[in-house]
Amino acid sequence: MSGVIVTNPPKADAKDVEALAGFGVATVSEAMGRTGLLGPDIRPIQQGVRVAGTAVTVLSWPGDNLMIHAAVEQCGAGDLLVVTTTSPSTDGMFGELFATALHRRGARGLVINAGIRDTQELREMGFAAWARAVCAQGTVKATGGSVNVPVAIDGQVVRPGDVILADDDGVVVVPRERARETAEKSEAREAKEAASRAAFLDGQLGLDRYGLREKLSQLGVEYRTFEEYEGERP
């Protein structure tokens, strides 16, 4: 497998990345029309952490972390490493030593569509990571791959410089050209949800606030007392 290492790709504006960091993954995905999620199998190794950064992408051979070593050099402050493999893999391709090097360079975390290990050490050092699997199985450094090229994870394309937002709910990718627009739409969505939250705290029901009683009626859903329901059963 030959490959390429692309240097200095375009990136989302740092101000837009920071704006997106103020919102949850669910909010941002909804703001983009329920798109961008990397799927339910990419899970955090920690809880209560949210990070946003610009993607440095890695395409590696399964069970081979050579290209992660190459990618560390391309990472800088505000970046977030995104790793996938050419075919499914759960081997532990990333651990404490990689995290130490990335932390030194100002990287904000890792999303890996494969295995990760040294998870206790990563949590202790505060290095945020999301992975498909936790596995102690080691890897080799023998096969070429690529850095900073478009990669696909669960049908979502991640390009270098796109915004990656990750929290307890999972991971979402925001195309770099849509970062500012998505931050604005996320802010509007949060304002709308704040109004709904206040209404619910005041006792209003979602059925009434969202006009769902009419929807139920249109769908043929009817209210019956218990006695009526029991009397209609065969």
Side-chain angles (χ1 to χ4, degrees), residues 20-21 24-26 28-29 36-72 74-75 78-141 143 145-160 162-174:
L20 285 166
V25 164
V28 170
S29 176
L37 294 173
L38 299 195
D41 294 328
I42 307 295
R43 302 301 305 150
I45 66 165
Q46 67 285 308
Q47 291 291 304
V49 174
R50 179 189 297 161
V51 299
T54 45
V56 172
T57 62
V58 182
L59 181 62
S60 289
W61 196 261
D64 192 314
N65 67 6
L66 173 62
M67 299 314 296
I68 299 180
H69 283 278
V72 170
Q74 303 305 315
C75 290
D79 287 331
L80 197 150
L81 193 63
V82 179
V83 181
T84 192
T85 52
T86 57
S87 60
S89 174
T90 57
D91 293 341
M93 298 176 64
F94 186 100
E96 176 192 5
L97 295 180
F98 273 137
T100 300
L102 286 174
H103 182 73
R104 173 65 178 80
R105 300 181 72 83
R108 293 179 175 174
L110 167 81
V111 172
I112 183 166
N113 187 30
I116 192 172
R117 61 184 188 176
D118 301 336
T119 55
Q120 178 178 341
E121 289 81 359
L122 296 186
R123 286 189 292 271
E124 288 173 351
M125 67 187 292
F127 187 86
W130 286 255
R132 181 169 294 275
V134 174
C135 182
Q137 178 64 49
T139 57
V140 299
K141 302 167 181 59
T143 315
S146 293
V147 176
N148 277 335
V149 299
V151 298
I153 299 177
D154 284 350
Q156 293 292 335
V157 175
V158 179
R159 301 168 306 161
D162 285 347
V163 183
I164 299 294
L165 176 68
D167 62 17
D168 289 349
D169 290 338
V171 183
V172 65
V173 55
V174 180

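- Interatomic distance, I164 CD1 to W130 CH2, rounded to the nearest 0.5 Å: 11.0 Å.
- For residues 36-45, the set of pairs meeting the salt bridge (Lys or Arg N to Asp or Glu O under 4.0 Å) definition, not counting sequence neighbours, comprises D41-R132.
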Original post:
So L165 and V174, side chain to side chain contact (heavy atoms under 4.5 Å, CB included) or not? Walk me through it.
Top reply: CA-CA 8 Å; L165 176 68; V174 180; 5.7 Å; no
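- In this structure, CD1 on I112 lies 9.0 Å from CD1 on I153, to the nearest 0.5 angstrom.
- Annotation: the span from I68 atom CD1 to S60 atom OG amounts to 5.0 Å, rounded to 0.5 Å.
- A donor-acceptor pair is defined here as one N or O able to donate and one able to accept, closer than 3.5 Å; no such pair exists between the side chain of N148 and the backbone of V56.
- When each of V140, V83, T139, T143 is paired with N65, the side-chain contact (heavy atoms from CB on, under 4.5 Å) condition holds for T139 and for no other.
- To the nearest 0.5 angstrom, L97 atom CG is 8.5 Å from H69 atom NE2.
- Between L66 atom CG and W61 atom CH2 the span is 13.0 Å, to the nearest 0.5 Å.
- T86 has its side chain within reach of P62: a pair of non-hydrogen atoms, C-beta onward, lies under 4.5 Å apart.
- One finds the CG atom of L38 at 8.5 Å from the CG atom of N113 (value rounded to the nearest 0.5 Å).
- The two residues A26 and D169 make their nearest non-hydrogen contact at CB-OD2, 4.3 Å.
- Screening residues 86-97 for salt bridge (Lys or Arg N to Asp or Glu O under 4.0 Å) gives no qualifying pairs among residues at least two apart or on separate chains.
- Pairing each heavy atom of A131 with each of A114, the nearest pair is CB-O, 3.9 Å.
- The side-chain contact (heavy atoms from CB on, under 4.5 Å) test with L59 is passed by exactly one of T84, V82, T85: T84.
- Looking only at atom types and distance, the side chain of T54 has a donor-acceptor partner in the side chain of D79 under 3.5 Å away.
- Using a 4.5 Å cut-off on side-chain heavy atoms (C-beta onward), V72 and L102 make contact.
- Screening residues 101-126 for salt bridge (Lys or Arg N to Asp or Glu O under 4.0 Å), with sequence neighbours left out, gives E18-R108.
- Looking at T90 and Q137, their side chains never come closer than 4.5 Å, going by heavy atoms from C-beta outward.
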